[in-house]
Amino acid sequence: MLKFIRNLLVTGGCGFIGSNFIHYIFHKTDYEGRIINVDKLTYAGNPDNLDGIDRQYPGRYHFERADICDFKTMADLFSRHDIDAVCHFAAESHVDRSIKQPGEFIFTNIVGTYNLLEIARAHMDHFVLFHHISTDEVYGSLGKRGIFRETTRFKPSSPYSASKASSDHLVSAYHKTFGLPVTISNCSNNYGPFQFPEKLIPLMTLNAIEGRNLPVYGDGKNVRDWLYVEDHCKAILTIMNGGKRGQTYNIGGNMEMENIVIVEMICDIVDELCGPDSAGPRRNLITFVKDRPGHDRRYAIDFSKLTNHLAWHPGESFQSGLRKTIRWYMDNAAWVERVRSGEYQAWMKEHYGE
Ligand code: NAD
Ligand code: DAU
């Protein structure tokens, strides 16, 4: 399939998963077309993640700073670049932020997705594929038992997951009603390089390195399923290449873990790699704090459809993936410093005038 795509629009390509995806597609596949990366560069979008890619792949990578909620700009971009496929990552992605300020989630995740679908529909004569990246959070929360299947009813808990569920419905509706060629993937929690340090693993890693408190919500026994980001990228390409149009595929890591267990693992690895902290083992930094409102208890994902139909399975083990990730944050102190400092904001202002 990828060989039929000439101009692939990647939305949100400066974010965590989007930037890993662009690295993956250029460095590790035989894709020969162009990538047009459109990103608004919110606090979570960081052009540093793709530093040098335009020089490495001259003529094949183009970046435009734009908002997917701006219909006119998006329509113009589709025409100018003769877009024939979309891989849609752009979203407000952090659950805690959606609880504090849901508005942006509604605009970007729902209206932004609608804009892209509507414009893709206008280019149906030569449009190859709209791949929509979504989350397992649309299915809601599980008790001790149970698993999310593609047929599980949506029951989102947070404004974030409700906005993603809404976008998933829109994508399906554009296939059913208008015949737009679409595929959808619902994935579990990702971790790896370039993740903004507000999410559990990079936040705890950096706090542990710096000897700060490790704030675990509630009793720490909420369960997530974890997948190394490169495995997610491979799964997306597998679906884009072989997935049936109109279908949804779950993606997961078969790696259910309680939050507290992950935080303890991070403490132990940081102790080993950085040497002991003057205040003692880093597990002493763990602090149980007030729970997240509406906190989903457990996620578990059945991705057998993707394995049975398209032969995808996760490659990275959690133990080695976590260690690699912690090392990445230790080796990339300049990246960390920039995303957390005013310097990054100043750089954005200089380059993009805002
Ligand atoms: P992220 O927050 O790191 O990146 C989001 C990117 O989208 C940023 O670069 C941001 O600048 C851009 N963006 C936001 N609003 C925009 C707008 N209006 N117009 C253009 N660009 C905009 O997110 P992520 O973790 O990389 O997630 C990417 C996608 O994957 C999201 O759709 C998310 O729902 C989904 N997802 C994430 C995970 C995970 O564990 N992180 C798991 C499953 C699915
Ligand atoms: O399941 C997929 C989803 O995973 C994606 O759709 C979201 O975009 C992504 O942000 C992620 O959502 P979570 O809410 O699961 O991720 P987060 O890293 O925020 O939290 C993971 C778990 O850790 C969750 O149970 C809350 C808990 N947590 C999180 C933070 C930031 C803490 O206990 N303390 C914290 O400080």
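Order of appearance sets the numbers: ligands from 1, and atoms from 1 within every ligand. The shown structure was predicted, so the numbers you read here are calculated from the model rather than taken from an experiment.
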Is the shortest distance from a Lys or Arg side-chain nitrogen in [X] or [Y] to a carboxylate oxygen in the other one below 4.0 Å?
| X | Y | result |
| --- | --- | --- |
| R340 | E210 | yes |
| R298 | E258 | no |
| E272 | R323 | yes |
| R338 | D48 | yes |
| K28 | E230 | yes |
| R224 | D136 | no |
| K305 | E150 | no |
| D76 | R80 | yes |

Among all protein heavy atoms, pick the one closest to [atom] and tell me residue, atom and distance.
| atom | value |
| --- | --- |
| atom 11 (O) of ligand 1 | D39 OD1, 2.6 Å |
| atom 10 (O) of ligand 2 | K199 CE, 2.9 Å |
| atom 8 (O) of ligand 2 | S93 O, 2.7 Å |
| atom 6 (O) of ligand 2 | Y160 OH, 2.5 Å |
| atom 43 (C) of ligand 1 | C187 O, 3.3 Å |
| atom 3 (C) of ligand 2 | E137 OE2, 3.0 Å |
| atom 23 (O) of ligand 2 | N259 ND2, 3.4 Å |
| atom 30 (O) of ligand 1 | I133 CG2, 3.5 Å |
| atom 26 (O) of ligand 1 | I17 N, 2.8 Å |
| atom 15 (N) of ligand 1 | T108 CG2, 3.4 Å |
| atom 25 (O) of ligand 2 | H295 NE2, 2.7 Å |

Mind checking whether [X] has an N or O less than 3.5 Å away from an N or O of ligand 1?
| X | answer |
| --- | --- |
| H232 | no |
| K199 | no |
| F16 | yes |
| V38 | no |
| E92 | no |
| S93 | yes |
| K40 | yes |

Just go through [options] and tell me whose heavy atom is the nearest to [atom].
| atom | options | answer |
| --- | --- | --- |
| atom 17 (P) of ligand 2 | R224, R292, E198 | R292 |
| atom 35 (C) of ligand 2 | F288, Y217, W226 | Y217 |
| atom 16 (O) of ligand 2 | N222, L200, N189 | N189 |
| atom 14 (C) of ligand 1 | G45, A90, G12, A91 | A91 |
| atom 19 (N) of ligand 1 | V111, L227, D70, I68 | I68 |

task: Would you indicate whether D331, at its atom CG, is surrounded by more than 12 heavy atoms from other residues, nucleotides or ligands within a distance under 6.0 Å?
output: yes

- request: State whether the number of non-hydrogen atoms from other residues, nucleotides or ligands found under 6.0 Å of F107 atom CZ is greater than 12.
  value: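 No.
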
If you measure only the distance, is there a donor-acceptor pair under 3.5 Å linking the side chains of [X] and [Y]?
| X | Y | value |
| --- | --- | --- |
| E92 | H94 | no |
| D296 | Y299 | yes |
| N37 | H62 | no |
| H81 | N7 | no |
| K155 | S161 | no |
| S167 | H132 | yes |
| Y61 | Q56 | no |
| S304 | T307 | no |
| Y43 | Q345 | no |
| H126 | D82 | yes |

Please list, in number order, the atoms of ligand 2 under 4.0 Å from a heavy atom of [X].
| X | value |
| --- | --- |
| V216 | 33 (O) |
| T135 | 1 (O), 2 (C), 3 (C), 5 (C), 6 (O) |
| D136 | 1 (O), 2 (C) |
| H94 | 19 (O) |
| M204 | 34 (N), 36 (O) |

[X] heavy atoms, cut-off 4.0 Å: which ligand 1 atoms fall inside?
| X | value |
| --- | --- |
| Y160 | 33 (C), 34 (O) |
| S134 | 43 (C), 44 (C) |
| L41 | 11 (O) |
| N189 | 40 (O) |
| F89 | 28 (C), 29 (C), 31 (C), 32 (O) |
| D67 | 17 (C), 18 (N), 19 (N) |
| C14 | 9 (O) |
| S188 | 42 (C), 43 (C) |

task: Check the angle between the aromatic planes of W347 and Y352 and answer parallel, tilted or perpendicular using the 30° and 60° thresholds.
output: perpendicular

query: Judged by non-hydrogen atoms, does A66 sit under 4.0 Å from ligand 1?
result: yes

query: Contact between F194 and ligand 1, counting heavy atoms under 4.0 Å?
result: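 No; F194 lies far enough from ligand 1 that no heavy-atom distance drops under 4.0 Å.
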
query: Looking only at atom types and distance, does a side-chain atom of R60 sit under 3.5 Å from a main-chain N or O of G33, one as donor and one as acceptor?
result: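 Between the backbone of G33 and the side chain of R60 there is a qualifying donor-acceptor contact (under 3.5 Å).
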
For ligand 2, the portion of L203 having any non-hydrogen atom under 4.0 Å away: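 Contact part for L203 vs ligand 2: side chain (C-beta onward).
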
query: Where on K164 is there a heavy atom closer than 4.0 Å to ligand 1, on the side chain, on the backbone, on both, or on neither?
result: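 It is the side chain that touches ligand 1; the backbone stays farther off.
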
- request: State whether the shortest distance between N or O atoms of P215 and N or O atoms of ligand 2 falls below 3.5 angstrom.
  value: yes

Aromatic Y217 / basic R292 pairing, under 6.0 angstrom, 45° off normal: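 No; the conditions do not both hold, so R292 does not lie above the ring face of Y217.
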
